[in-house]
Amino acid sequence: MKAPRIYIVVPCYNEEQVLPETAKRLHGLMQRLIQSGQAAADSRITLVDDGSGDQTWAVIQDLTRRYGEVEGLKLAHNAGHQNALWAGMMTVKDRADAVITIDADLQDDVEAIPQFLQAYREGCQVVYGVRSQRKTDTAFKRNTAHWYYALMGRLGAQLVYDHADYRLLGRQALEALSQFGESNLFLRGMVPLLGFPHKEVYYQRGERFAGESKYPLKKMLAFAMEGITSFSVKPIRLVLLLGILFAVAGLVMALWVIIRHAAGHTVAGWASIMVSVWVIGGVQLMALGLIGEYVGKIYTEVKHRPRYILETYLDKPAGASGGGRGQGIDRQTQQTNNEEKA
Ligand code: UDP
Ligand code: MG
């Protein structure tokens, strides 16, 4: 079998501190893969700048000049991790035999990639990188993550346990994935829906080697909520059930009140009224809010906004001479170049 042309897609948001080292390590790995015949000579590493506010794009441009196989893709604004991954994958989809996605901070062990490729050679279209331990995560992150997987499982979304966005997708799987039209992306829930022969590869997750997490608690919670509401309508059904339960309880209560009244014990219960008003009011608000989540989702879905906007692609198509500047410099960049010259 001819060595597959692979693309390693790396989403980067304010990663100026880690990128030089990341590119160096990925470059070293790529050289080994090419030399050992596991990857085609025109395989690429595509660094996706997700609208960073720091020097990330300048660093990426520099790296495309330094390493023959490094490409740069610049999004016009910060589209978020999932959209940045999507932008990278969909941009290289028709050029790649297989795409591997990995975070810029290299918390995921790059040495698992040869095993990804081994699985791909054995016919897998989807290979999941799975953490064999979470020692480097805080106990809080580890526990909340595990509860979350359990919750998602109960809600009916099949997630791969302890797998994030470190994975390989073959061309066929990418093609299938590209047909998913949702604006609210939750890739780790979508990929298992594809089917295809798949495999899990275990690796040890390390620490971010520079910079800090781009996923503060607020973003993490938003992402968790995204996963639930994108993949399950069970919460709405739960609300309905809760409503029925409360209605029945209310009826029983009413009956009891009437009986007590007939017996002459009129209860002037300020406390019980206050309690029920607050409890029922709270439940109603909660239910409304939850339904609002879905309505909001429908709202964003029907708008069909683009998931990301491409500003520049410094690409290196097959056959392009390595080491030089990317050939696919678009107008935007050319303009800046001219301005520089002027
Ligand atoms: N990232 C991104 N856009 C964002 C936030 C994050 O492309 O809006 C990238 C980030 O550069 C990194 C990956 O997503 O490559 C995962 O982020 P991070 O490592 O900060 O998350 P953590 O590992 O702490 O969960
Ligand atoms: Mg990280």
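Quick note: numbers below take in every heavy atom, side chains included, and nothing from hydrogens, waters or symmetry partners. For clarity, every value in this text was computed on a predicted model and none was experimentally measured. Ligands are counted one by one from 1 in listed order, and the atoms in each one are counted from 1 as well.
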Counting each atom of ligand 1 from 1 as listed, which ones have a heavy atom of [X] under 4.0 Å away?
{"X": "Lys141", "value": "24 (O), 25 (O)"}
{"X": "Arg208", "value": "18 (P), 19 (O), 20 (O)"}
{"X": "Cys12", "value": "7 (O), 11 (O)"}
{"X": "Glu15", "value": "10 (C), 11 (O), 12 (C), 15 (O)"}
{"X": "Arg205", "value": "23 (O)"}
{"X": "Lys219", "value": "4 (C), 5 (C), 8 (O)"}

**Asked** Residues two or more places apart in sequence or in another chain: which of them pass side chain to side chain contact (heavy atoms under 4.5 Å, CB included) with His81?
**Response**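 Partners of His81 under the side chain to side chain contact (heavy atoms under 4.5 Å, CB included) test: Pro11, Leu85, Asp103, Asp165, Tyr215.
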**Request:** Consider ligand 1: state whether an atom of it lies below 4.0 angstrom from any non-hydrogen atom of Gln82.
**Result:**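 It does not, in that no heavy atom of Gln82 comes within the 4.0 Å cut-off of ligand 1.
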**Request:** Determine whether any heavy atom of Met220 lies closer than 4.0 Å to an atom of ligand 1.
**Result:**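 No, that is not the case, since the closest heavy atom of the residue is not under 4.0 Å from the ligand.
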**Request:** Mind telling me whether Tyr149 and Tyr161 have parallel, tilted or perpendicular rings, with 30° and 60° as the class edges?
**Result:**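 The rings of Tyr161 and Tyr149 sit tilted, inter-plane angle from 30° to 60°.
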**Prompt:** Which word best sums up how the rings of Phe223 and Phe186 line up, parallel for under 30°, tilted for 30 to 60°, or perpendicular for over 60°?
**Reply:** tilted
**Asked** Taking non-hydrogen atoms only, is Ala104 closer than 4.0 angstrom to ligand 1 via side chain, backbone, both or neither?
**Response**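 Both the backbone and the side chain of Ala104 come within reach of ligand 1.
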**Request:** Identify the two heavy atoms, one from Gly72 and one from Thr64, that lie closest to each other, and give their separation to 0.1 Å.
**Result:**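 That closest heavy-atom pairing would be N-CG2, 3.6 Å.
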Regarding [X] and [Y], is there a side-chain donor-to-acceptor distance under 3.5 Å anywhere?
{"X": "Glu71", "Y": "Thr46", "result": "yes"}
{"X": "Tyr13", "Y": "Glu15", "result": "no"}
{"X": "Gln107", "Y": "Arg205", "result": "yes"}
{"X": "Tyr203", "Y": "Glu111", "result": "no"}

Please list the nearest protein heavy atom to [atom] with its residue and the distance rounded to 0.1 Å.
{"atom": "atom 14 (O) of ligand 1", "value": "His81 CD2, 3.1 Å"}
{"atom": "atom 8 (O) of ligand 1", "value": "Asn78 ND2, 3.2 Å"}
{"atom": "atom 23 (O) of ligand 1", "value": "Gln107 OE1, 2.7 Å"}
{"atom": "atom 20 (O) of ligand 1", "value": "Lys214 N, 2.4 Å"}
{"atom": "atom 3 (N) of ligand 1", "value": "Asp50 OD2, 2.6 Å"}
{"atom": "atom 1 (N) of ligand 1", "value": "Tyr13 CB, 3.7 Å"}
{"atom": "atom 24 (O) of ligand 1", "value": "Ser213 OG, 2.5 Å"}
{"atom": "atom 16 (C) of ligand 1", "value": "Asp103 OD2, 3.3 Å"}

**Prompt:** What's the atom name of the N, O or S in Asp105 nearest to the Mg ion (ligand 2)?
**Reply:**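 The closest N, O or S atom of Asp105 to the Mg ion (ligand 2) is OD2.
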**Prompt:** If you round to the nearest 0.5 Å, how far is CD of Glu69 from CZ of Arg44?
**Reply:**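 It is 7.5 Å, given to the nearest 0.5 Å.
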**Spatial distance of atom CE (Met90) from atom CZ (Arg307) [nearest 0.5 Å]** = 7.5 Å
**Request:** Examine all N, O or S atoms of Gln107, backbone included, and report whether one is under 2.8 Å from the Mg ion (ligand 2).
**Result:**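 Yes - counting backbone and side chain alike, Gln107 has an N, O or S atom under 2.8 Å.
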**Prompt:** Under 3.5 Å, N or O to N or O, is Ala84 touching ligand 1 that way?
**Reply:**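 Min N/O separation from ligand 1 is not below 3.5 Å for Ala84.
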**Prompt:** Are the charged groups of Asp50 and Lys74 less than 4.0 angstrom apart, N to O?
**Reply:** no
**Message:** Determine whether the aromatic ring centres of residues Tyr166 and Tyr128 are separated by less than 6.0 angstrom.
**Reply:**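 Ring centres of Tyr166 and Tyr128 not closer than 6.0 Å.
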